[in-house]
Amino acid sequence: MKLATIALDGAAVPALVRDGAVLPFASLAPDLPASIEALLAGGDEAMARVRRAADRAGQGIALADARLLAPLTRPSKLLGIGFNYSSHVEEVRAKGIPIPDLSNQIWFNKQVSAIAGPFDPIHLPASSEQLDYECELGIVIGRRCRHVVAADARKVIAGYLVANDVSVRDWQLKAPTATLGKSFDTHAPIGPWITTADEVATPDDLAIRTLVDGTVVQDGRTSELVNGIDAMVAYLTQVMTLEPGDILLTGTPSGVAAGRNPPTWLREGQVVRVEIEGLGHIENRVVAEPLDQTSFIR
């Protein structure tokens with residue numbers, strides 16, 4: 001299944017995407033979960049109810065007429081891993097940047113307030129010109145889990161999505177942790193939907209690429225992962241409990257703006273498109289960060 005969130009009558013509602021149509025849950029059955037977060041929290045039983053209702057579905061809304069939102073907006077965690085594609089490791093090394101010991105996975109937080117919809121604009125910060133793109137495969141956790149062995153990792157994955165780990169490089173390098181440079185508002189566009197794991201036979205060997213204004217700037221495969229999907233889930237769950245709806249961003253191949261000589265930072269008006277084989281695409285225009293003049297009570 002393809003699980004989406006759409007804007008409908010002024011609200012964000014969960015829906016299925018099938019055969020070029022969008023099917024809001026409320027049109028399928030009255031007792032289905034009211035959000036994708038609630039669906040994932042409901043586990044296998046809730047997912048089975050949606051599948052049964054979908055078998056009786058009517059025509060739905062044409063996909064072209066629907067406004068797709070971020071499928072998940074407030075996961076308990078949005079985590080990214082660094083240096084996880086062999087080609088990206090080599091491009092960073094070629095810039096003279098020391099590479100850490102990759103036997104230890106390099107994880108960082110992106111704040112969930114960075115999440116944006118699959119076709120929403122992304123902000124060029126007022127405080128920086130060093131805006132960069134990173135095409136990434138996103139893993140969506142479907143089961144509360146801790147101490148998962150690698151052999152069982154796929155059992156806790158609900159599905160996969162397309163993501164752009166938008167990065168502000170000078171802010172990323174201001175501190176030993178990358179959190180601030182990775183967490184600007186709008187800098188985690190995701191979507192266009194969650195493709196459930198049963199429909200993704202080989203998530204560890206998918207074509208993935210980024211285009212800027214129609215020109216391919218990143219072109220790789222998830223088979224380049226230094227730490228594979230199973231290893232990532234096993235490593236993280238030694239430390240923390242993963243919850244349904246948590247999103248793990250799995251790294252990016254070579255071709256980032258910072259890796260070029262000179263760097264080709266994103267500029268206002270450019271359009272960034274990220275595509276992953278079998279999962280769809282997201283596309284976001286770069287706009288100037290709006291400056292909020294709100295006065296705050298102190």
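The structure displayed is predicted, hence computed values, not measured ones.
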How many angstroms lie between atom OG1 of Thr186 and atom CG of Asp120, to the nearest 0.5 angstrom?
8.5 Å
Within the side chain of Thr210, is there an N or O that forms a donor-acceptor pair under 3.5 Å with the backbone of Val217?
no
Of the non-hydrogen atoms in Thr73 and Ile115, which two are nearest, and what is the gap between them?
O-CD1, 3.7 Å
Are Ile81 and Leu102 grouped together when hydrophobic residues (ILVMFWY) are joined by side-chain heavy atoms under 4.5 angstrom apart?
no
In one Ile/Leu/Val/Met/Phe/Trp/Tyr side-chain cluster, 4.5 Å: Leu248, Tyr160
yes
Check step by step if side chain to side chain contact (heavy atoms under 4.5 Å, CB included) holds for Arg169 and Val256.
CA-CA 11 Å; Arg169 297 303 187 189; Val256 298; 3.9 Å; yes
So do Phe83 and Asp101 actually touch side chain to side chain, heavy atoms under 4.5 Å?
no
Does Ser87 use its side chain to pair, donor to acceptor, with the backbone of Pro253 at less than 3.5 Å?
no
Determine the minimum heavy-atom distance between Ala4 and Pro192, stating which atoms define it.
CB-O, 4.4 Å
Which heavy atom in Gly280 sits nearest to a heavy atom in Val162, and how many Å separate them?
O-CG2, 3.6 Å
So, Thr5 side chain and Ala12 main chain: donor-acceptor pair closer than 3.5 Å or not?
no
Sidechain-backbone polar pair: Asp219 side chain, Arg209 backbone, donor-acceptor under 3.5 Å
no
Taking Asp185 for the side chain and Ala114 for the main chain, is one N or O donor matched with an acceptor at less than 3.5 Å?
no
For the residue pair Asp44 and Arg143, establish whether any side-chain heavy-atom pair is separated by less than 4.5 Å.
yes
For the atom pair CG (Leu78) and CD1 (Ile247), what is the distance rounded to the nearest 0.5 Å?
5.5 Å
Gap separating the SG atom of Cys145 from the NZ atom of Lys155, nearest 0.5 angstrom
12.5 Å
Less than 4.0 angstrom from a charged side-chain N to a carboxylate O is my criterion; do Asp198 and Arg51 meet it?
yes
For the residue pair Leu40 and Met47, establish whether any side-chain heavy-atom pair is separated by less than 4.5 Å.
yes
Mind checking the NE2-OG spacing from His88 to Ser254? Nearest 0.5 Å is all I need.
9.0 Å
Other residues, nucleotides and ligands only: do more than 12 of their heavy atoms fall within 6.0 Å of CZ on Arg260?
yes
Criterion side chain to side chain contact (heavy atoms under 4.5 Å, CB included) on Leu131 and Val168, from CA distance to verdict
CA-CA 5 Å; Leu131 185 65; Val168 184; 4.3 Å; yes
Electrostatic pair Lys95:Glu91 at N-O distance under 4.0 angstrom
no
Within the side chain of Asn284, is there an N or O that forms a donor-acceptor pair under 3.5 Å with the backbone of Ile122?
no
Counting C-beta onward and ignoring hydrogens, is there a side-chain heavy-atom pair between His187 and Ser167 closer than 4.5 Å?
no
Ionic contact status for Arg221 with Glu224, cut-off 4.0 Å
no
For Asp31, does the CG atom sit with more than 12 other heavy atoms under 6.0 Å from it, leaving out its own atoms?
yes
Go through Val140 and Asp246 one step at a time and tell me if the side chain to side chain contact (heavy atoms under 4.5 Å, CB included) criterion holds.
CA-CA 6 Å; Val140 179; Asp246 286 352; over 6 Å; no
Any chain of hydrophobic side-chain contacts (each under 4.5 Å) joining Tyr235 to Val148?
yes
Close side-chain approach of Ile61 to Pro24, heavy-atom, < 4.5 Å:
yes
Between Thr264 and Tyr133, is the side chain to side chain contact (heavy atoms under 4.5 Å, CB included) condition met? List the steps.
CA-CA 10 Å; Thr264 53; Tyr133 48 80; 4.2 Å; yes
Counting C-beta onward and ignoring hydrogens, is there a side-chain heavy-atom pair between Leu79 and Leu249 closer than 4.5 Å?
no
Over all heavy atoms of both residues, which pair between Ile190 and Ala163 is shortest? Give the atoms and the distance, please.
CG2-CB, 3.9 Å
What are the two closest non-hydrogen atoms of Ala231 and Gln105, and how far apart are they?
O-NE2, 3.3 Å
Report yes if some heavy atom in the side chain of Asp230 is under 4.5 Å from a heavy atom in the side chain of Arg154; otherwise report no.
yes
Donor-acceptor under 3.5 Å (Asp65 side chain, Ala62 main chain):
no
Kindly check if the number of other-residue, nucleotide or ligand heavy atoms within 6.0 Å of CD (Glu199) is above 12?
yes
Any side-chain heavy atom of Gln172 within less than 4.5 Å of one from Gln130?
no
Say whether Trp107 and Ile99 are linked into one hydrophobic cluster, either directly or through other cluster members, by side-chain heavy-atom distances under 4.5 angstrom.
no
Is there a path from Val13 to Leu23 through hydrophobic residues (I, L, V, M, F, W, Y) whose side chains come within less than 4.5 Å of each other?
no
Would the distance check show the side chain of Thr250 and the main-chain N or O of Leu137 forming a donor-acceptor pair, the cut-off being under 3.5 Å?
yes
So, Phe184 versus Trp171, ring centres under 6.0 angstrom or not?
yes
Please answer whether the main-chain N or O of Ala257 pairs with a side-chain N or O of Asp132 as donor and acceptor at a distance below 3.5 Å.
yes
Where the side chain of Arg146 meets the backbone of Gln238, is there a donor-acceptor pair that is under 3.5 Å apart?
yes
Identify whether the distance between the nearest side-chain nitrogen and carboxylate oxygen of Arg74 and Glu243 falls below 4.0 Å.
no
Working to the nearest 0.5 Å, report the span between CG of Leu124 and CD of Glu268.
6.5 Å
Distance in Å, Ile6 CD1 paired with Leu69 CG, rounded so as to fall on 0.5 Å steps:
8.0 Å
For Gln59, does the CD atom have more than 12 heavy-atom neighbours from other residues, nucleotides or ligands under 6.0 Å away?
no
